[in-house]
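I have placed the structure first, in the form of structure tokens, so that the comments after it can refer back to it.
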Amino acid sequence: MDFSTYMTGLMMGLTLIVAIGAQNAFVLRQGLRGEHVFAVVLACALSDAVLITIGFTAFRQMATILPALEPAMRYAGAAFLFWYGAKSLQSALGPANALVAASSNASPLSTTLATCLALTWLNPHVYLDTVVLLGTISTQFPGAEKAFWAGAVTSSFLFFFLLGYGACWLRPIFANPQAWRILEGVIALTMWLIAIKLLAGG
């Protein structure tokens, strides 16, 4: 395997994924609460791996299909983000005991995974970054495309597992209910800003 190409794929993947977004905010929240962390980070990493693989193997075909799918994905994603942001704002303004990490009223695994997958697969920017952009860049490394693909896939697993499990270091801060209110408010604002950006055309 071409190690330099592998590292290029790794760094390119991290550059695209590290930006604060709806998916990352959700993973951070789950990590802080200690709820279904492994399932969430694995679902995110595997979803990215699938999309990166699609881009690596068939990005040209996907690029022709995406323009037709993009408007539907954009409006569906925006609607979901507005709804999720409203839920986060409700939590921020609600009673303090609703914000306690690892509380007894944790969401079921099925609900958590459904939300996680919706935040991932209803975001058209994810397709543009993974399928189109990474798929296109991989063609710049003839004979070493697999090394670039492996680096990009590694970046997803590395980032999401670090984000989900690294959040535990912040738990002492979030022992204060006020910190949870601020986090939920920031998440709500993030979701709504992304939704508005989607409706504005990206």
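Within the 4.5 Å cutoff, the side chain of Cys44 has heavy atoms near those of the Cys116 side chain. Side-chain contact between Phe157 and Val41 is absent, with no heavy atoms from C-beta onward closer than 4.5 Å. Between Thr115 and Phe26, the closest side-chain pair of non-hydrogen atoms falls below 4.5 Å. With contacts defined as side-chain heavy-atom distances shorter than 4.5 Å, the pair Trp121/Leu51 qualifies. Between Phe159 and Asn24, the closest side-chain pair of non-hydrogen atoms falls below 4.5 Å.
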Problem set entry | side-chain contact (heavy atoms from CB on, under 4.5 Å) assessment of Phe82 paired with Trp192 | CA-CA 6 Å; Phe82 275 123; Trp192 288 342; 3.4 Å; yes
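Glu145 places a side-chain N or O within 3.5 Å of a backbone atom of Gly143 that can act as its donor or acceptor partner. No side-chain donor-acceptor contact under 3.5 Å links Glu35 to the backbone of Gln30.
Residue Leu119 holds its CG atom at 7.5 Å from CD of Gln23, rounded to the nearest 0.5 Å. Between Phe160 atom CZ and Ser47 atom OG the span is 8.5 Å, to the nearest 0.5 Å. Atoms CD1 and OG1, on Ile52 and Thr57 in that order, are 11.5 Å from each other to the nearest 0.5 Å. The distance from the CG atom of Asp48 to the OG1 atom of Thr120 is 7.0 Å, given to the nearest 0.5 Å. For the atom pair Thr8 OG1 and Asp2 CG, the distance stands at 8.0 Å (nearest 0.5 Å). Interatomic distance, CG of Leu10 versus OG1 of Thr5, reported as 12.5 Å (0.5 Å rounding).
Hydrophobic clustering, with ILVMFWY side chains joined whenever heavy atoms are under 4.5 angstrom apart, keeps Leu89 apart from Val186. Hydrophobic clustering of Ile, Leu, Val, Met, Phe, Trp and Tyr side chains at less than 4.5 Å, counting indirect connections, unites Phe141 with Phe56. Follow the hydrophobic side-chain contacts under 4.5 Å out from Phe148 and you reach Phe3 in the same cluster. When hydrophobic clusters are built by joining Ile, Leu, Val, Met, Phe, Trp and Tyr residues whose side-chain heavy atoms come closer than 4.5 Å, directly or via intermediates, Val40 is not grouped with Leu109. Taking hydrophobic clusters as Ile, Leu, Val, Met, Phe, Trp and Tyr residues chained together by side-chain heavy-atom distances below 4.5 Å, Leu14 shares a cluster with Leu46.
Ring geometry for Phe38 versus Phe161: interplanar angle over 60°, hence perpendicular rather than tilted (30 to 60°).
Look at Arg29 and Glu184 and you find a salt bridge, because one of the NZ, NE, NH1 or NH2 atoms lies within 4.0 Å of a carboxylate O, short of that distance.
The minimum heavy-atom distance linking Ala49 with Val153 is given by the pair CB-CG1, 4.0 Å. Nearest heavy atoms, Leu113 versus Ala39: CD2-O, 3.7 Å. For the pair Leu93 and Arg181, the tightest heavy-atom approach, listed with the atom from each and the gap, is C-NH1, 3.9 Å.
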